[in-house]
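Keep in mind that this is a model prediction, so the values were computed, not measured. Atoms considered below: every heavy atom in the structure, side chains included; atoms not considered: hydrogens, waters and symmetry mates. Atoms within each ligand, like the ligands themselves, are counted from 1 in listed order.
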Amino acid sequence: MSKHFETNSVRISPSKSSQREHSAPIYLTSSFTFDSAEEARATFADEIEGNIYSRYANPNSSDLIEKVCAAEGTEDGFATASGMAAMFGSIAALLQQGDHVLAARSLFGSTHQLLTRVFPKWGITSTYGDISDYLNWDKLVQPNTKMLFIETPSNPGLEIIDLEWAGKFAEAHNLILVVDNCFASPYLQQPAKWGAHIVTHSATKYIDGQGRVLGGLILGKANLMKEVHFFARHTGPSISPFNAWILAKSMETLGLRMDRHCSNALTVADYFEGNPEILAVKYPFLKSHPQYEIAKKQMSQGGGVITLDLKGGVQRAQRFIDKLQMISITANLGDSRSIVTHPASTTHSKLSVEERAQVGISDGLVRLSIGLEHYEDIILDVERAIDSSK
Ligand SMILES: *Cc1c(COP(=O)(O)O)cnc(C)c1O
């Protein structure tokens with residue numbers, strides 16, 4: 001293994017088959033054979049390493065896991081069928097009835113549903129802390145608090161949590177620190193460096209990067225991953241070999257793509273900052289971002305998502321979206337194609353105005369996932385839509 005992300009992401013690959021292929025094949029097989037009854041016994045007993053059944057592991061999922069572990073600096077991992085299976089599995093595998101989760105309020109919508117609607121069914125409760133008030137989070141820790149669950153940058157508010165602080169806080173209170181690292185991708189930020197015990201991903205976003213397949217990852221310390229493997233092996237959230245193959249291939253270009261996502265996003269954010277039709281432009285690497293210094297400390301670049309708070313509320317935001325000619329209207333992000341979403345009327349429409357305000361979503365806020373088109377075309381499309389939606 002190299003110390004460089006670029007080299008690992010293209011050179012880590014499954015051992016060659018008897019065909020001596022150069023590019024990893026797709027191992028579409030549900031199970032694997034043994035040469036003898038003894039080999040089967042020893043493999044099941046974990047005395048020798050070997051594939052058994054694709055619900056447990058498969059060469060394509062192992063390839064993906066190895067590449068992402070190398071990038072994240074994590075010891076072990078498990079690949080899941082979607083990002084949400086990873087979020088669910090990271091909590092379900094490690095907590096028990098009666099345990100409590102402290103979480104940052106700004107969470108992906110379905111993660112919020114897990115914590116507030118799904119886990120309470122099994123006696124696992126949670127409390128939210130506001131990122132702006134993190135110096136007071138000590139008060140939110142209960143005797144049964146076992147986990148700190150955070151997401152940074154957050155979706156869609158782009159709030160940044162200080163990972164160094166989170167690592168120390170988790171250590172002081174003996175909590176398992178779980179970080180959803182989806183928005184930054186393993187290329188821009190490695191939470192394990194700051195003390196995260198578990199890192200989760202929706203690989204659907206930047207790791208795929210081309211809007212094709214769903215996938216997720218749970219990565220982390222070997223002792224915790226043992227519990228995750230047990231849980232996953234017997235509950236079955238595993239990724240399909242085909243999707244794992246796509247995602248492992250995508251890891252080869254993640255760095256190149258992220259460089260362009262980030263430079264495009266910074267250029268677009270910079271261009272529109274100060275536009276009289278926009279109340280605020282938010283991007284982690286703009287100096288005006290409230291947590292700019294923290295973003296600089298823990299991310300190598302600002303990521304591919306920006307938000308524009310348009311004057312004129314819901315109607316203006318919707319008119320703006322309808323005037324866009326190139327940028328796609330869809331719920332995904334991290335795609336090669338630029339995407340617009342209006343959280344207040346779509347992903348976060350179930351929240352009250354106050355709840356939305358608490359996570360930084362105003363009525364006129366639009367989220368732009370900046371793609372790989374030439375930045376001049378992205379700027380042109382956005383500018384035209386701003387002007388014609390007044
Ligand atoms: C999309 C997303 C998820 C969920 O991932 P899926 O692959 O859609 O299941 C979780 N967290 C964040 C931050 C996301 O953006």
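With hydrogens and angles ignored, the 3.5 Å screen pairs no side-chain donor or acceptor of Asn181 with any backbone N or O of Val199.
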Taking a 3.5 Å cut-off between nitrogen or oxygen atoms, can you list every pair linking ligand 1 to the protein, with distances?
from	atom 1	to	atom 2	distance (Å)
ligand 1	5 (O)	Ser202	OG	3.0
ligand 1	7 (O)	Gly83	N	2.8
ligand 1	7 (O)	Ser202	OG	2.8
ligand 1	7 (O)	Thr204	OG1	2.6
ligand 1	9 (O)	Gly83	N	3.1
ligand 1	9 (O)	Met84	N	2.9
ligand 1	11 (N)	Asp180	OD2	2.7
ligand 1	15 (O)	Lys205	NZ	2.7

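Judged as a side chain to side chain donor-acceptor pair (under 3.5 Å), and not counting sequence neighbours, Glu293 has no contacts.
For the ring pair (Phe, Tyr, Trp, His ring centres under 6.0 Å) condition, the pairs that include at least one residue of residues 235-277, sequence neighbours left out, are Tyr206-His261.
Ring-plane geometry between Phe119 and Trp122 is classed as perpendicular, the angle between the planes exceeding 60 degrees on a 0 to 90 degree scale with a lower cut at 30. Using the six-membered ring where Trp is involved, Tyr53 and Tyr56 have ring planes that are perpendicular, over 60° apart on the 30 and 60° scheme.
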Solution key, residues 104-112 side-chain donor-acceptor pairs under 3.5 Å, sequence neighbours excluded:
from	atom 1	to	atom 2	distance (Å)
Arg105	NE	Asp130	OD1	2.7
Ser106	OG	Glu159	OE1	2.3
His112	ND1	Tyr128	OH	2.7

